[in-house]
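Data first, discussion second: the structure below is written as structure tokens.
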Amino acid sequence: MQIKSKFAASGSSIFSAADYLLTQYDAVNLAHGTPDFPFSQELIENANEAMQAEGSLQAPWEGLMALREKIADKISFLYTHSYHPDTEVTVMPSAKEALFASIAAVVHAGDEVIYFEPSFDSYAAMIALQGAVPVAIKLQAPGFTPDWDLVKAKINAKTRMIIINSPHNPTASVLSEADIQALQGLVKDSHIIILSDEVYEHLVFDEDVHRSMSSYPDLAARAIVVTSFSKVYQVSGWHVAYCVAPAMLTQEIRKVQQYVMFPADTPMQYALAAMMEQPNHYMTLSTIYQEKRDLLAHGLKASRFELLPSKGGYFMLAGFGHFNDLSDVEMVKHLIVNHGVATLPLSAFYSDGADQGILRLTFSKDDETLEEGARRLCEV
Ligand SMILES: Cc1ncc(COP(=O)(O)O)c(C=O)c1O
């Protein structure tokens, strides 16, 4: 029997190779954006309490109303848009699943979807699974912000969706007001849906602000906004997320969710609803992470790496092409094996594997990890 692979081009990835080496060499992990510091005791207690009280009952597919109401309140407080918790807010088992459900709900075979590379590696695969065409537009170093003229040139009658991600994984760029205006101009009077991946919404540095699609009525009217509790409460192993969108889009997203996914875990939803009573948890995140970014940057000052601006999110890019001509994949392996520190190659975030001699480092780690990682990188 033969099967035709849907991902024939994907072999074993550098992500799994780096994971394997990381464990084998017990390397300092600056590769994965999974926070390794303690998270809120209160959240654990809330979850324990909910497990005792609610047992194992499945939550409604679209999420507990108590949580959806809190989400709607938060968005209205932060970004001014009022989403109706009943028809426009959907709790999802993860941001990844929310992205998949959104793409599957509105993108048909033959449609084109514009997204920006380097990118979170799921977008292109999710688009391709619909029989649609992923149209990658490259972001250029050092700023890695969209070239809107290029976007304009790529838009045609088949363009169904544009995916944006700010703060951006892996480049740490953040959309500016000028970017938003350019986007507004491009989609005006079109049938293009915007899928906005805002999982790092609370991590914007240096006095800048997060520009959510929910803050702009004309964009919110055509946007699906996805965000994730795993990033808000540093619980990368708890998969609870949500998406908000106008009722007409939400209705279609919920159909995909119902056929393909289960609701997010019930006790976690109760625990998160209780946590959301206090906005201070997420309002202080930018400060905490900016300090971590600065600690890593300070530790790398004496290194040979060239650090690119990190404006938001969990990541910082570091160039090495000026002192070493290894490929970025070889460099990642070299650093794990010979220096005991794990990073990721930026080429892994491009569909064509573009290699610019740049690595992605994360600072979503405890301070000792960051200091030790930087110390090891200074020896390179
Ligand atoms: C840009 C981006 N989107 C989505 C996700 C997925 O988030 P979740 O863990 O909630 O599925 C990630 C996780 O790393 C991410 O970096």
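Everything quoted here is computed from the prediction, not taken from an experiment. Residue numbers run from 1 in the order of the sequence given. Numbering of ligands and ligand atoms starts at 1, following listing order.
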>> Less than 6.0 angstrom from the centroid, inside 45 degrees of the normal: does Arg293 satisfy that with respect to the ring of Phe363?
In response: no
> Does Ser230 come within less than 4.0 angstrom of ligand 1, counting non-hydrogen atoms of the residue?
Replying inline: yes
> Has ligand 1 got any nitrogen or oxygen that is less than 3.5 angstrom from a nitrogen or oxygen of Asp197?
Replying inline: yes
> Is there a heavy atom in Lys231 that sits closer than 4.0 Å to ligand 1?
Replying inline: yes
> Under 30°, 30 to 60°, or over 60°: which ring-plane class applies to Tyr83 and His81, parallel, tilted or perpendicular?
Replying inline: tilted
>> Show me which atoms of ligand 1 lie under 4.0 Å from any heavy atom of Ser94.
In response: 11 (O)
>> Is the positively charged end of Lys292 above the ring of Tyr314, judged by distance under 6.0 angstrom from the centroid and angle within 45° of the axis?
In response: no
>> If the cut-off is 4.0 Å to any non-hydrogen atom of Ala95, which atoms of ligand 1 fall inside it?
In response: 6 (C), 7 (O), 8 (P), 10 (O), 11 (O)
> Using the ring of each side chain (for Trp, its six-membered ring), is Phe116 parallel, tilted or perpendicular to Trp148, with breaks at 30° and 60°?
Replying inline: perpendicular
Table please: side-chain donor-acceptor pairs of residues 368-380 below 3.5 Å, with sequence neighbours left out.
unit_1, atom_1, unit_2, atom_2, d
Thr369, OG1, Asp36, OD2, 3.2
Thr369, OG1, Asp366, OD1, 2.6
Glu372, OE1, Arg375, NE, 3.0
Glu372, OE2, Arg375, NH2, 2.7
Glu372, OE2, Arg376, NE, 2.8
Glu372, OE2, Arg376, NH2, 3.3
Arg375, NH1, Glu379, OE2, 3.0
Arg376, NH1, Gly340, O, 2.7

>> Within ligand 1, which atoms have a heavy atom of His239 less than 4.0 Å away?
In response: 9 (O)
>> Which of the numbered atoms in ligand 1 are under 4.0 angstrom from any heavy atom belonging to Asn165?
In response: 1 (C)
>> Just checking His168 against Phe315, ring centres under 6.0 Å apart?
In response: no
> Can you tell me if Phe229 has a non-hydrogen atom under 4.0 Å from ligand 1?
Replying inline: no
> Of the protein's non-hydrogen atoms, which lies at the shortest distance from atom 10 (O) of ligand 1, and what is that distance?
Replying inline: Ser228 OG, 2.6 Å
> Is it true that a side-chain atom of Glu198 and a backbone atom of Met213 form a donor plus acceptor pair closer than 3.5 Å?
Replying inline: yes
>> Please list, in number order, the atoms of ligand 1 under 4.0 Å from a heavy atom of Asn169.
In response: 1 (C), 15 (C), 16 (O)
> How far is atom 5 (C) of ligand 1 from its nearest protein heavy atom, and which residue and atom name does that atom have?
Replying inline: Phe120 CZ, 3.5 Å
> Between the main-chain N or O of Trp61 and the side-chain N or O of Gln257, is there a donor-acceptor pair closer than 3.5 Å?
Replying inline: yes
